[in-house]
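Scroll down for the structure; my scribbles are underneath it.
We name chains A, B, ... by the order of the sequence lines, and we start the count at 1 in each one.
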Amino acid sequence: MSAPNNQYDPVEVTPLHPDEVARMRHEALAAIAAASTLEELKQVRLAHAGDRSPLALANREIGALPPSARADAGKRVGGARREVGEALKQRQAELEEERDARVLVEEAVDVTLPTGRLPQGGRHPVTTVAERMADIFVGMGFEVVEGPEVEAEWYNFDALNFLPDHPARTMQDTFFVESPSGGESGLVLRTHTSPVQVRALLERDLPVYVVAPGKTFRTDELDATHTPVFHQLEGLVVDEGITMGHLKGAIDEFVHGMFGSGLATRFRPSYFPFTEPSAEVDMECFVCRGASVGDPANPCRTCSSEGWIEVGGCGVVNPRVLTAAGVDTDRYSGWAFGLGVERTLMFARGVEDMRDMVEGDVRFTSAFGMEI
Amino acid sequence: MRVPVSWLTEYTDLPEGTTGRELAEKLIGLGLEVETVDRVGADITGPIVVGRVLDVEELTGFKKPIRYCRVDVGTANGSGEPQNIVCGARNFSEGDLVVAALPGAELPGGFAISARKTYGKVSEGMICSASELNLWEDHTGIIVLPAGGAEPGDDAYGLLGLREDVLDIAVTPDRGYALSIRGVAREAATAYGTPFRDPADVQAAGAPGKGYPASVADPAICSRYVLHGVTGFDPEAPTPMWMKHRLALAGVRSISLAVDVTNYVMLEVGQPLHAWDRATLSGPIEVRLARSGEKLETLDHVTRALDPDDILITDESGPINLAGVMGGATTEIGLSSTDVLVEAAHFAETHIARASRRHQLSSESSRRFERGVDSALQPAAATRAVRLLAELGGGTIDEGYTHIADEAAVEPRPIVIAADRPDRVAGVAYGRGRVVAALERVGCTVEQEAGGEAELRVTPPTWRPDLTDPNDLAEEVIRIEGYDGIPSIPPRAPAGRGLTPSQRLRRSVGRRLAATGFAEVLSYPFMGERDLDGLQIDAEDHRRSALRLSNPLSEDEPLLRTTLLPGMLKTLVRNVGRGFHDVALYEIGLVYSPRPGAPERAPMLAVDRGPAPDEQESLARALPEQPRRVGAVLAGDREPATWQRSGSPTTWADAVEAARETARSANAELIVRAARYAPWHPGRCAALYVRVEGEERLVGHAGELHPRAVAAYGLPERTCAMEVDLDTVEAAGGPASAPAVSGYPVALQDVALVVGDGVPAAEIEEALRTGAGELLEDVRLFDVYTGEQVGEGRRSLAYTLRFRAPDRTLAAEEIAQAREAAVAAAAERTGAVLRG
Ligand SMILES: [Zn+2]
């Protein structure tokens with residue numbers, strides 16, 4: 001590179017002459033525009049913007065100019081180089097886009113082809129609906145407790161005020177467990193989840209707010225509406241100042257959480273040995289909301305056009321039960337309810353045959369996925 | 001209890017136009033479970049009218065004699081001319097009133113009546129029998145209406161009770177009084193606020209004390225005993241039509257007038273009655289408990305060995321009735337009985353309940369006694385019965401009757417309750433006045449307790465033995481006031497702790513397995529010896545020690561499962577049978593095994609107090625062990641063939657992986673070792689362990705099933721399975737602690753080791769981990785090679801070791817050292833040689 005020379009006139013130095021710079025710039029831009037592939041553009045970049053390109057060489061000459069002339073020449077050459085650089089960048093982008101469009105189109109696949117590898121699994125809807133039922137009560141502050149399935153008769157019957165010779169004891173068709181010598185063992189397959197009430201009261205400090213989901217057993221043959229092994233969700237509250245009003249409130253919360261808000265519920269007097277007073281709970285049909293009653297033209301399958309659906313049984317815990325569980329009945333009272341899980345599932349998801357829930361057909365279970 | 005509305009309205013008045021359904025709704029509101037409302041003759045339509053038989057022409061020459069009748073049906077046929085009707089029955093005469101179905105009528109079963117030619121004549125309708133109208137069973141012929149009760153041409157619907165509603169009520173154990181028209185009528189009267197006329201409000205006929213000789217051995221088994229007789233009764237007197245009809249509507253078969261009357265009175269007032277032919281009795285009657293060795297042939301012709309707990313009616317010949325349950329065959333009333341003795345008794349509920357269960361005999365009588373019969377009703381019921389017998393069958397009512405009673409025992413006990421107890425139970429302010437009114441409405445006597453306004457002294461009526469506790473009275477008040485009035489108040493539970501770790505773990509395991517292609521099953525926890533045989537489980541195996549049900553649903557499955565496998569495998573077979581070949585199932589559930597040292601019988605504790613800790617412990621010891629298991633079974637392709645790749649068949653590894661998924665859910669480390677254990681393939685069975693508080697514990701097995709087990713269950717070849725004790729896995733796991741995540745670069749080192757093919761991979765990996773030390777982040781086996789290059793009886797395992805330090809970039813020498821240490825440890829422990 002030349003040393004600065006004050007006598008040097010850029011106009012006299014050919015490469016820095018404005019016309020010459022304009023020509024170089026023009027040639028470069030034309031070449032860029034003419035490049036039709038990324039490879040050609042790479043050559044053009046070398047020829048017109050590389051270290052040995054005319055504009056780069058011209059730029060070097062600037063240093064040799066007298067200081068007075070440098071600014072003007074620098075501006076001229078710099079402007080040309082910037083313009084060429086911009087054009088290169090832009091052309092590069094255009095050509096890349098063209099290439100991508102071409103290549104990616106070539107790589108296109110049929111994204112509608114099936115993609116699964118593993119067969120579809122699923123959790124049993126009886127499991128997931130029981131969880132959802134329990135979760136509604138967990139949301140109200142209840143805790144979930146459990147008990148054994150093979151249960152002592154004392155827990156399953158006596159402590160719940162099913163006295164030994166009372167007809168209620170035979171009302172529930174019980175599976176009895178044999179003793180090792182083939183006699184009476186005093187053990188049964190629990191006929192309801194209610195023994196967990198007694199266990200909860202014995203194991204926990206008061207107040208008690210619990211739900212107990214689980215398997216229960218009665219000697220019914222399997223058919224469309226019965227199964228010898230089924231599931232219940234029991235609820236129990238024992239606290240001071242408890243009334244049937246709180247019971248109705250909790251049942252309402254459950255019905256609204258499970259089947260939809262605004263549904264009415266009603267209590268009908270009934271009988272269970274472990275509650276007194278006792279009630280059967282009905283809820284307004286969540287499908288027809290009563291519109292099907294007396295309207296044969298629009299029957300409702302869900303409620304058989306009754307307008308109401310039976311939800312379960314409930315009542316004020318019989319003070320005899322509290323006594324058997326060692327609770328001070330002068331101070332505490334409580335209520336309990338029992339809900340059928342299969343029944344809830346039948347209504348909530350339109351399962352029509354109990355056998356579907358029992359047989360373990362993968363089509364049935366998989367249809368319900370992970371949650372319900 | 002089937003309740004014809006017309007019978008009910010004899011004892012209370014319902015508002016004009018009340019339908020059966022409306023009545024049912026009201027009764028349901030009061031707590032009677034009305035299950036159905038049936039309309040009598042709902043399937044009968046068209047002209048059914050009263051006719052008078054004018055004359056009868058006997059047609060001959062047919063297989064049976066046939067009558068061709070001219071029947072006056074008034075103007076019901078439009079013409080006023082007699083109707084000509086062919087009839088096969090012979091139990092009527094000219095002049096009798098009959099029921100005629102005219103052309104256009106339709107009888108049960110869609111039987112349309114029209115004028116048609118039969119037996120050479122045109123029959124313009126049909127003369128009906130009770131059976132043809134589905135009214136009651138009667139094969140003696142057509143219905144002959146009582147003379148003077150109707151005129152030809154009258155509509156027969158009302159006369160026959162067609163279109164009447166019958167309520168079918170499922171009576172809960174506390175409402176014995178509702179097993180009678182009397183009880184239901186009382187409730188209906190309460191529901192509508194109408195007066196109630198008590199059918200048991202009758203003056204006894206005759207005087208007590210001069211009846212048939214009898215004694216009661218113990219008032220505790222029979223608190224009241226009444227015998228009342230009729231002499232000169234016509235044993236062939238027919239049961240009147242109205243009674244037959246009502247009995248039929250109530251679901252009771254007509255037998256003979258004497259028996260029908262006892263049933264009728266029982267249905268009406270709720271008191272079971274028994275009628276004897278007095279001629280068959282020998283000497284005085286004694287009510288007593290059975291003595292051992294005594295036997296009785298009951299009316300159903302079964303000879304029963306009696307239990308010392310059975311209450312018997314006896315005479316000098318020995319037992320004649322199983323009291324309150326069923327009569328004996330030798331004293332059965334027959335068609336020649338002219339002297340009838342009626343028994344009305346109040347037997348102890350618990351004895352009857354036990355006898356009914358013991359002899360597996362549930363009768364209309366035992367159902368009522370079990371639930372509690374009105375303790376004062378017996379004289380009235382006996383009176384009602386003998387009056388009906390005398391009225392319908394002739395004869396004279398005895399002047400005296402037997403009445404043995406222990407009045408102190410039968411008198412209802414008063415209950416003292418706080419006047420606001422119903423208010424506090426319901427959460428409604430009824431106030432003292434409404435409480436008293438409701439209790440009086442159900443028949444209680446309410447007095448003010450000496451203590452003042454705050455307490456009530458309530459004596460229940462004799463027909464409500466179920467009212468014994470303060471809450472029973474609260475329920476009466478609340479149901480009379482209406483359950484509809486109970487407010488809905490949001491519960492106010494204190495903040496709870498949500499789910500337990502065990503409950504969360506179960507959900508997590510389920511989600512993991514379901515997400516990896518397993519479908520959950522909930523199989524019945526029953527099994528049989530054959531299921532265990534099929535699993536190739538030998539006689540000494542602990543899984544053979546199973547609890548047995550005394551009343552299994554199926555004799556093939558009397559045991560409670562000790563393993564989840566039989567249920568799952570059968571479900572797998574069912575799915576395969578339905579055309580699904582690639583099946584993966586899982587189940588989470590309890591298995592049951594007898595607790596060593598458990599007593600022969602679980603103790604029966606008191607219920608008048610809470611059990612002491614040692615009593616609770618005694619119950620716990622009697623219960624079997626009931627651990628929770630997770631099981632999985634797989635068959636076919638684990639990954640079915642797709643357009644991308646051929647299917648990958650299920651292998652032992654998928655079963656082990658399912659166990660690993662389970663352990664991962666619990667954050668527990670699973671240790672895998674080779675094992676031999678039924679029902680698994682001896683060379684493809686993994687025993688699974690976890691560490692709980694430093695102790696290694698066996699939690700289950702996984703792998704491919706033994707071919708013999710596969711064959712026994714009819715499973716697809718190479719079916720795989722795993723079963724793991726979830727409780728123990730849970731104990732081994734716990735909450736994860738945060739790992740130190742290093743941002744320094746990783747160093748990867750591959751090593752290939754040649755070992756004897758009997759060396760388990762888990763041992764090599766364990767050695768590599770130990771040898772490599774703390775810098776090792778992970779080990780991954782990426783290749784297993786057997787073949788010529790490594791020689792017979794050997795295999796090559798290739799691992800990638802990942803090294804990383806928490807605080808620095810590793811130097812090459814450090815990495816090399818760690819790698820060498822890892823290989824050296826593997827060499828030392830397993831004889832592994834670095835593959836060159
Ligand atoms: Zn509906």
Output yes when a side-chain donor or acceptor of Asn575(B) lies under 3.5 Å from a complementary backbone atom of Val362(A), and no otherwise. yes

Could you tell me which portion of Ala620(B) (side chain, backbone, both or neither) has an atom closer than 4.5 angstrom to a non-hydrogen atom of chain A? neither

Contact leader toward chain A among Pro470(B), Pro624(B), Pro558(B), where contacts are heavy-atom pairs under 4.5 Å: Pro624(B)

For Leu467(B), does its backbone N or O pair with a side-chain atom of Asp472(B) as donor and acceptor, under 3.5 Å? no

Heavy-atom distance under 4.5 Å to chain A: side chain of Glu625(B), backbone, both or neither? neither

Heavy-atom pair count under 4.5 Å with chain A, highest-scoring of Ile588(B), Ile28(B), Leu585(B), Leu522(B): Leu522(B)

Check: Lys215(A) main-chain N/O paired with Arg190(A) side-chain donor or acceptor under 3.5 Å: yes

Could you pull out the closest heavy-atom pair between Ser333(A) and Leu322(A), with the gap in Å? CA-CD1, 4.1 Å

Is Glu280(A) close to chain B through its backbone or its side chain, or both, or neither, when contacts mean heavy atoms under 4.5 Å? side chain

Residue among Pro164(A), Pro277(A), Gly182(A) with most heavy-atom pairs under 4.5 Å to chain B: Pro277(A)

Residue Ile242(A) versus chain B: region with a heavy atom under 4.5 Å: both

Side chain, backbone, both or neither: which part of Glu33(B) has a non-hydrogen atom closer than 4.5 Å to chain A? side chain

Cation over ring face, Arg199(A) and Tyr155(A), 6.0 Å, 45°: yes

Contact class of Thr365(A) relative to chain B, heavy atoms under 4.5 angstrom: side chain

How close do Tyr271(A) and Pro173(B) get, heavy atom to heavy atom, and via which atoms? CD2-CD, 3.4 Å

Heavy atoms only, distances under 4.5 angstrom: which of Ser278(A), Gly139(A), Gly369(A) has the most pairs with chain B? Name it, please. Ser278(A)

Counting only heavy atoms not in Glu184(A) (residues, nucleotides, ligands), do more than 12 fall under 6.0 Å from its CD? no

At a heavy-atom separation under 4.5 Å, does Glu131(A) approach chain B through its side chain, its backbone, both, or neither? both

Max heavy-atom pairs within cutoff under 4.5 Å with chain B, candidates Ala159(A), Pro319(A), Ser366(A), goes to Pro319(A)

Examine whether an atom of Arg268(A) lies under 4.5 Å from a heavy atom of chain B, and if so say whether it belongs to the side chain, the backbone or both; otherwise answer neither. both

Tell me whether Glu349(B) is salt-bridged to Arg371(B), with the criterion being a basic N under 4.0 Å from an acidic carboxylate O. no

Without hydrogens or angle criteria, can the side chains of Glu520(B) and Thr127(A) be said to hold a donor-acceptor pair below 3.5 Å? yes

Region of Ala325(A) that comes under 4.5 Å of a non-hydrogen atom in chain B: backbone

Tell me, for Phe368(A) versus chain B, whether the close heavy atoms (under 4.5 Å) come from the side chain, the backbone, both or neither. neither

Ile478(B) versus chain A, heavy atoms under 4.5 Å apart: side chain, backbone, both or neither? side chain

Identify which part of Glu639(B) has an atom lying under 4.5 Å from any heavy atom of chain A, answering side chain, backbone, both or neither. both

Step-by-step side-chain hydrogen bond (donor to acceptor under 3.5 Å, both in side chains) determination, Glu342(A) to Thr227(A): CA-CA 10 Å; Glu342(A) 279 81 0; Thr227(A) 162; over 6 Å; no

Heavy-atom contact with chain A under 4.5 Å, split by part of Arg357(B): side chain

Side chain, backbone, both or neither: which part of Arg574(B) has an atom under 4.5 Å from a heavy atom of chain A? side chain

Which of Gly245(A), Pro114(A), Gly315(A), Pro125(A) touches chain B most, by non-hydrogen pairs under 4.5 Å: Gly245(A)

For atom CZ of Arg578(B), is the number of surrounding heavy atoms from other residues, nucleotides or ligands below 6.0 Å larger than 12? yes

Structural part of Phe518(B) lying under 4.5 Å from a heavy atom of chain A: backbone

Among Pro207(A), Ala152(A), Pro228(A), which residue has the highest count of heavy-atom pairs closer than 4.5 Å to chain B? Pro228(A)

Looking only at Leu201(A), Leu187(A), Val138(A), Asn161(A), most heavy-atom pairs under 4.5 Å shared with chain B are made by Leu187(A)

Counting heavy-atom pairs under 4.5 Å with chain A, which one of Ala426(B), Gly510(B), Gly427(B) comes out on top? Ala426(B)

Below 4.5 Å from any heavy atom of chain B, which atoms of Glu371(A) appear? Answer side chain, backbone, both or neither. side chain

CG/Asp205(A): more than 12 non-hydrogen atoms of other groups inside 6.0 Å: no

Heavy-atom distances under 4.5 Å only: say whether Asp608(B) touches chain A with side chain, backbone, both or neither. backbone

Proximal component of Val583(B), with respect to chain A [non-hydrogen, under 4.5 Å]: side chain

Quick one: what part of Thr642(B) sits under 4.5 Å from any heavy atom of chain A, side chain, backbone, both or neither? side chain

Which portion of Ile486(B) sits near chain A, non-hydrogen atoms under 4.5 angstrom: both

Flag for Tyr592(B)-Glu149(A): side-chain donor and acceptor within less than 3.5 Å: yes

Answer with side chain, backbone, both or neither: which region of Pro640(B) has an atom nearer than 4.5 Å to a non-hydrogen atom of chain A? both

Does any backbone or side-chain atom of Leu30(B) lie under 4.5 Å from a heavy atom of chain A? Answer side chain, backbone, both or neither. backbone

Mind listing the side-chain donor-acceptor pairs of residues 141-148 of chain A below 3.5 Å, one per line with the distance, residues two or more places apart or on another chain?
unit_1, atom_1, unit_2, atom_2, d
Glu143(A), OE1, Arg204(A), NH2, 2.3
Glu143(A), OE1, Arg497(B), NE, 3.4
Glu143(A), OE1, Arg497(B), NH2, 3.0
Glu143(A), OE2, Arg497(B), N, 3.0
Glu143(A), OE2, Arg497(B), NE, 3.1
Glu146(A), OE1, Gln503(B), NE2, 3.3
Glu146(A), OE1, Arg506(B), NH2, 3.0
Glu146(A), OE2, Arg506(B), NH1, 2.6
Glu146(A), OE2, Arg506(B), NH2, 3.3

Between the side chain of Asp252(A) and the main-chain N/O of Thr265(A), is any donor-acceptor distance below 3.5 Å? no

Which residue pairs satisfy the side-chain hydrogen bond (donor to acceptor under 3.5 Å, both in side chains) criterion with at least one member in residues 313-325 of chain A, sequence neighbours excluded? Arg320(A)-Asp469(B)

Under the 3.5 angstrom rule, does the side chain of His581(B) hit a backbone N or O of Asp637(B) as a donor-acceptor pair? no

